[in-house]
Amino acid sequence: MAALFEQLIVLLDLRVVGQPQWHVFPEPGGITGLTLLAESHLAIHTFPEHGFAALNVYCCRPRARPDFEALLARYVGATSCAVRELKRGVTA
């Protein structure tokens, strides 16, 4: 998980604020990770008992979309991936 976060930070040119936080749950639980960013945050929650992981890349600056499917296959062994992109914005 840490390697996935490091790769996303490099690919998206993100600025880390502080140390990443990781929590490993007892079996059969997964891992929760959080990295605070100047742009917002990265978070992941894994549920190995369900074969599921939720990755949140929350960024307030526009970025090119990385190949999430390939990244998740490489770093967490994902065989399928559904990406939902929500545009952020501020309205006055």
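Computed from a prediction, not measured in an experiment: that's the story for all the values here. Side-chain atoms are counted along with the backbone in the values below, which use heavy atoms only and exclude waters and symmetry mates.
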In terms of hydrophobic clusters joined by side-chain contacts under 4.5 Å, are Ile31 and Tyr75 together?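 Per the 4.5 Å side-chain linkage, Ile31 and Tyr75 are co-clustered.
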Applying the 4.5 Å side-chain criterion to the ILVMFWY set and letting contacts propagate, would Met1 and Val24 be lumped into a single cluster?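 Linked, Met1 and Val24 end up in one cluster.
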[X] side chain near [Y] side chain, heavy-atom distance below 4.5 Å:
X     : Y     : result
Leu71 : Leu11 : yes
Ile44 : Trp22 : yes
Thr46 : Val76 : no

Please report the closest heavy-atom contact between [X] and [Y], naming both atoms and the distance.
X     : Y     : result
Val83 : Phe68 : CG2-CB, 3.9 Å
Leu72 : Cys81 : CD1-SG, 3.6 Å
Pro28 : Glu49 : O-OE1, 3.1 Å
Pro48 : Gly29 : CG-O, 3.5 Å
Glu39 : Asp13 : OE2-O, 4.0 Å

Once you round to the nearest 0.5 Å, how far does OH of Tyr58 lie from CG of Leu36?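 Output value for this atom pair is 13.5 Å.
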Measure the NE2-SG distance between His41 and Cys60 for me, rounded to the nearest 0.5 Å.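 Nearest 0.5 Å value for the NE2-SG distance: 11.5 Å.
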Counting only heavy atoms from other residues, nucleotides and ligands, does the tally under 6.0 Å from CZ of Arg74 exceed 12?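 Counting neighbours around CZ of Arg74, 12 or fewer heavy atoms of other residues, nucleotides or ligands fall under 6.0 Å, so no.
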Atom CD of Gln19 with >12 non-hydrogen neighbours under 6.0 angstrom: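 It does not: Gln19 CD has 12 such atoms or fewer within range.
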Chi angles and distances behind the side-chain contact (heavy atoms from CB on, under 4.5 Å) call for Val16, Leu42: CA-CA 10 Å; Val16 175; Leu42 295 176; over 6 Å; no
I'd like to know whether the aromatic ring centres of His23 and Phe25 sit less than 6.0 Å apart in this structure.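 Centroid distance His23-Phe25: below 6.0 Å, so yes.
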Have a look at Leu37 and tell me which of Leu14, Leu12, Leu8 forms a side chain to side chain contact (heavy atoms under 4.5 Å, CB included) with it.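 The residue from Leu14, Leu12, Leu8 that satisfies side chain to side chain contact (heavy atoms under 4.5 Å, CB included) with Leu37 turns out to be Leu14.
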Under the criterion side-chain contact (heavy atoms from CB on, under 4.5 Å), I'd like the reasoning laid out for Leu55 against Phe5: C-alpha separation, chi angles, the key distance, then a yes or no. CA-CA 10 Å; Leu55 173 67; Phe5 274 29; 4.0 Å; yes
